[in-house]
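The structure appears below as structure tokens.
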Amino acid sequence: MNERINRLRTQSLAAVPSLSDERARLLTDFYKSGLARSSPVPVQRAMAFAAIMENKKIYIGPDELIVGERGPMPKATPTYPEVCIHSQADLDMISGREKVAFAVDDSVRQIYREEIIPFWQGHSIREKLFAHLPEAWKAAYAAGIFTEFQEQRSPGHTACGDKIYHKGLLDLKAEIRDAVDRLDFFNDRDAMDQKNQLAAMAIAADGLIAFASRHADALLLMAESASDADRKAELLQMAAICRRVPAHAPQTFWEALQTYWFVHVGVITELNPWDAFNPGRLDQHLYPFYEKDLAEGRLTKERAKELLCAFWIKFNNHPAPPKTGVTAKESNTYVDFALINVGGLKASGSNAVNDLSYLILDVIEEMRLLQPSSMVQVSKKNPDRFIRRALKIVKTGFGQPSIFNTDAIVQELVRQGKTVEDAREGGASGCVEAGAFGREAYFLTGYFNMPKLLELTLNNGVDPRTGNQLGPATGQPSDFNRFEELFDAWTRQLRHFIDIKIRGNNIIEQINARHMPVPFLSLLIDDCIDAGLDYNAGGARYNTSYIQGVGLGSVTDALTALKVHVFDRKTITMVGLIEMLNENFDGYDTFRRQLLDDTPKYGNDDDTADDIMQMVFEAYYDAVNGRPNTRGGVHRVNLLPTTCHVYFGSVIGALPDGRRAGVPLSEGISPVQGADRNGPTSVTRSAAKIDHIRTGGTLLNQKFLPQVLADETGITKLAQLVRTYFRMDGHHIQFNVVDGETLRRAKLYPDDYRDLIVRVAGYSDYFVDLTEDLQNEIIRRTEHESF
Amino acid sequence: MTEGIIFKIKKYALHDGPGIRTTVFFKGCPLLCRWCHNPEGLDPRPQAMSHFTSSGEIHGTVGTVIGADALVREIEKDVLFYDESGGGVTFSGGEPLAQPQFLEAVLAACNHLEIHAALDTSGFAPAAVLDPILPRVQLVLFDLKIMDAKQHRRYTGVSNRIILDNLKRIADSRTPIRIRVPLIPGITDGDDNIKKILRFAGTLKTVQGVDLLPFHRIGGEKYRRLGMTDNTAESAPPMPEHVAAIKHRFESAGLTVSIGG
């Protein structure tokens with residue numbers, strides 16, 4: 001990277017995340033002003049957005065090429081009191097916690113105490129939700145059966161399509177006028193609501209145009225006083241860009257990047273949607289500009305790379321807004337999941353990988369930043385060179401890019417009813433969630449704790465942590481004569497709590513639809529303008545709700561252990577096993593070893609366990625898939641955890657697979673940590689026994705040591721492993737190329753690291769199977785290699 | 001039903017032939033090489049061997065008697081990986097040729113399933129055992145250790161005459177060969193031995209390449225876990241420069257060489 005980018009990157013890395021009261025203050029001032037008192041809710045929201053964009057501080061860093069910050073400076077992170085009010089105690093906790101902390105100034109505390117909290121108390125979405133949700137929902141939520149994504153953040157979960165690169169906001173305003181003209185006040189009782197919604201979108205468009213113009217003004221001022229002639233020219237050019245976009249459609253590569261960035265800041269300032277916002281298919285959207293600028297001599301490859309790097313750094317300046325409570329536990333990270341997609345297919349179905357795809361991969365490798373997240377879409381139509389290039393970045397060991405199967409994603413989306421073109425222009429956002437970019441509102445509604453339901457089943461519906469009858473009484477487990485009876489009881493617990501969750505989801509959706517519309521985001525997503533309907537109210541072309549299953553591996557192994565030991569081999573009685581669980585296996589070490597070492601486990605291509613995994617998947621799918629939401633769409637399943645497998649594990653006692661109380665559950669569709677002892681081909685074969693096509697995303701994690709990928713052959717064989725998993729319709733795979741610290745822990749706790757593969761001397765082997773001396777040697781070698 | 005004894009099935013084996021492979025380790029070997037890093041492959045019977053868990057070192061056994069059908073089912077599971085990568089199955093050990101009926105039955109099934117099969121062998125077996133096997137394998141990984149007859153007997157316990165004859169026999173049968181040379185300092189890596197290996201390899205028509213396998217002390221701990229005396233402790237890994245020099249010599253002779261297979 002050049003010196004300028006190095007400076008920007010260093011600044012971004014060094015910036016300390018802090019809490020900014022700017023947005024909360026501007027929002028509160030606006031509502032206090034009474035300007036919008038008589039306006040309908042969407043117009044109020046749009047006016048509030050415009051007021052923030054017209055008045056917030058403009059930050060332009062000394063070296064910047066892409067401008068626009070959500071806060072007054074990099075990593076200064078706003079709050080959203082209309083969604084969730086932070087108490088004084090929350091602010092103390094957010095600033096004082098060891099992980100994912102934000103600095104909170106005394107002035108912020110004071111403004112919160114004197115202005116923000118008194119004004120919003122009793123009016124936030126969070127308080128509305130809890131006022132409307134039934135007691136059964138609250139009890140399940142408190143017990144850790146499921147989480148709720150919309151409790152502190154607004155729905156979002158979408159990615160930008162290509163619209164903003166073809167149409168300026170003024171063009172969209174013209175579309176809005178046409179839509180208003182088409183309103184049918186003779187026959188349509190919704191026409192008035194549509195008119196209000198469309199008016200709100202137009203106000204929001206003006207808000208962002210004003211924000212861009214203010215940058216243009218500031219840049220002109222800076223240019224006047226700039227002493228360096230080059231920078232002066234650059235500032236003048238930037239001012240011209242900000243004067244043009246996003247009011248008008250971009251004409252150049254630079255303008256296209258700046259357009260997206262303004263739009264991004266708009267979306268994440270309007271509200272705090274999950275997964276921030278996401279440029280989606282960046283290489284596809286930018287390529288026409290790149291090609292044209294290069295051909296017309298306006299741009300060099302080096303300059304394009306520099307602009308992309310500057311763009312990357314902007315993402316890193318924007319941590320996820322601070323989370324507290326269960327929301328912090330389920331997603332305990334600064335990462336806000338803007339997942340840039342590279343590669344895949346064009347709408348026509350042909351190979352989409354282009355020169356810019358490779359340039360973006362160079363940027364990913366060189367920037368090595370926490371944000372944005374990045375992924376490659378790999379279709380069977382993409383060349384091997386593309387996946388090999390991606391794996392060479394994976395090898396450097398920071399977990400990016402993750403790797404997705406385009407052909408599976410397209411099938412998943414088409415199965416859900418999308419057109420094949422919309423599916424091909426989609427991809428994965430957030431962690432692994434499939435979506436039709438620019439056209440779909442796919443809300444993740446919360447994680448769902450599958451293993452906890454087994455604990456309830458083994459206690460006849462009682463939660464052993466509290467002694468409360470939390471679930472239905474599904475029978476005394478000692479009365480079950482066959483495994484099928486046990487499984488049936490688990491399924492009944494599952495359906496009971498999925499019903500509670502879906503009822504809650506539909507209440508929450510309506511609260512957001514009515515009280516928290518997002519007119520700015522609605523501008524961007526088809527067909528909100530045509531429908532005159534908000535993104536949060538079903539205005540998108542496709543509207544999906546997801547419940548994310550967690551602990552597939554853990555519940556499978558636990559059920560398998562019960563089937564094998566209690567029902568098939570009869571090595572122990574149900575009562576005896578439950579007694580061991582109650583004692584957390586204390587005093588039962590020998591039998592626990594049998595559970596760990598002599599029991600089939602998911603992830604080893606062993607049908608004894610994998611058949612049960614399929615039963616679990618089908619039961620979960622049947623309970624969720626196709627159940628209507630309130631936005632004209634339905635619920636679907638996906639299987640991913642973020643960090644929720646840790647939280648969910650903390651609310652569960654010992655499980656029959658030998659897992660002790662409180663230990664994290666398995667994550668995504670990965671096997672239980674250390675349970676897969678047969679290598680990555682067996683893991684991927686087990687994982688592929690799920691019908692991925694009927695999900696909206698699955699997450700599979702694999703650990704490798706850098707040495708396994710040291711040479712070209714290692715890269716090639718890893719690419720072949722991925723291709724084979726994708727032939728079997730696997731949705732996603734990511735590789736942890738692990739470091740010395742992990743290896744030291746692996747040495748201390750071999751059971752947890754059974755699946756760790758190391759390159760030794762002329763061959764690869766499981767790390768835990770190596771002698772102590774050799775382990776030490778590899779630890780040293782790894783550390784050496786990492787410098 | 002044909003049965004055999006194995007001590008390990010290794011999936012995603014990356015260094016035992018082309019592509020992604022499954023390597024099946026047969027238990028039992030007629031040789032006793034001083035540097036053997038798979039001592040659990042020596043005895044053709046199940047035997048006690050401890051292993052490590054988080055509760056410490058615990059007793060266990062190594063060696064599984066398995067039917068040919070069951071083994072083939074296990075091999076066949078990864079067939080898509082073989083297809084994608086040009087991989088297949090490798091029979092190693094131990095010495096697979098020490099269980100000829102079992103090996104032939106498994107190979108016959110693999111041939112039927114069109115799974116690429118490689119044989120990793122010391123070459124120490126009667127010609128009558130080798131002959132029916134050769135048409136069933138698509139690649140032989142041939143461990144060529146010591147050319148001097150006396151030294152060979154001293155360090156491996158057997159004569160190398162039959163081994164060298166078999167190597168020639170395999171080449172004559174037009175079966176592709178990769179020669180694997182363990183580099184044991186002071187035993188196999190001397191100038192004279194390398195020169196003789198080169199000269200012999202030059203007479204063979206189907207050698208595709210050479211894998212140099214530098215000595216490592218992986219096996220040391222295994223001897224202890226098996227309750228055996230560790231003979232590898234006296235040796236040390238060869239110096240990387242020496243390995244590179246040997247690699248260069250083979251390459252100068254027009255052979256493709258990999259270190260570690």
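FYI, side chains are in, hydrogens and waters are out, and symmetry mates aren't considered; it's all heavy atoms of this structure.
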Q) Side chains of B/E84 and A/F726: closer than 4.5 Å at any heavy-atom pair? A) no
Q: Can you establish whether the number of heavy atoms outside A/R385 located under 6.0 Å from its atom CZ is more than 12?
A: no
Q. Which pair of heavy atoms, one from B/I9 and one from A/N678, lies closest together, and at what distance?
A. O-OD1, 4.4 Å
Q | Interface moiety of A/T716 toward chain B, non-hydrogen atoms closer than 4.5 Å | A | neither
Q) Does A/R685 reach the main-chain N or O of B/K77 with its side chain, forming a donor-acceptor pair under 3.5 Å? A) yes
Q) How many angstroms lie between atom OG1 of A/T724 and atom CG of B/D78, to the nearest 0.5 angstrom? A) 9.0 Å
Q: May I ask you to test the A/L718-B/Y12 pair for a side-chain heavy-atom distance under 4.5 Å?
A: yes
Q) Are the side chains of A/R727 and B/D83 in touch, meaning some heavy atoms are under 4.5 Å apart? A) yes
(Q) Is the shortest side-chain heavy-atom distance between B/I20 and A/T681 below 4.5 Å? (A) yes
Q.
I'd like to know if the side chain of A/K717 and the backbone of B/L14 have a donor-acceptor N/O pair within less than 3.5 Å.
A. yes
(Q) Which atoms of A/D589 are under 4.5 Å from chain B, going by heavy atoms: the side chain, the backbone, both sets, or neither? (A) side chain
Q: Give the C-alpha distance, both sets of side-chain angles, the deciding distance and a yes or no for side-chain contact (heavy atoms from CB on, under 4.5 Å) between B/F81 and A/R723.
A: CA-CA 9 Å; B/F81 296 92; A/R723 291 278 200 189; over 6 Å; no
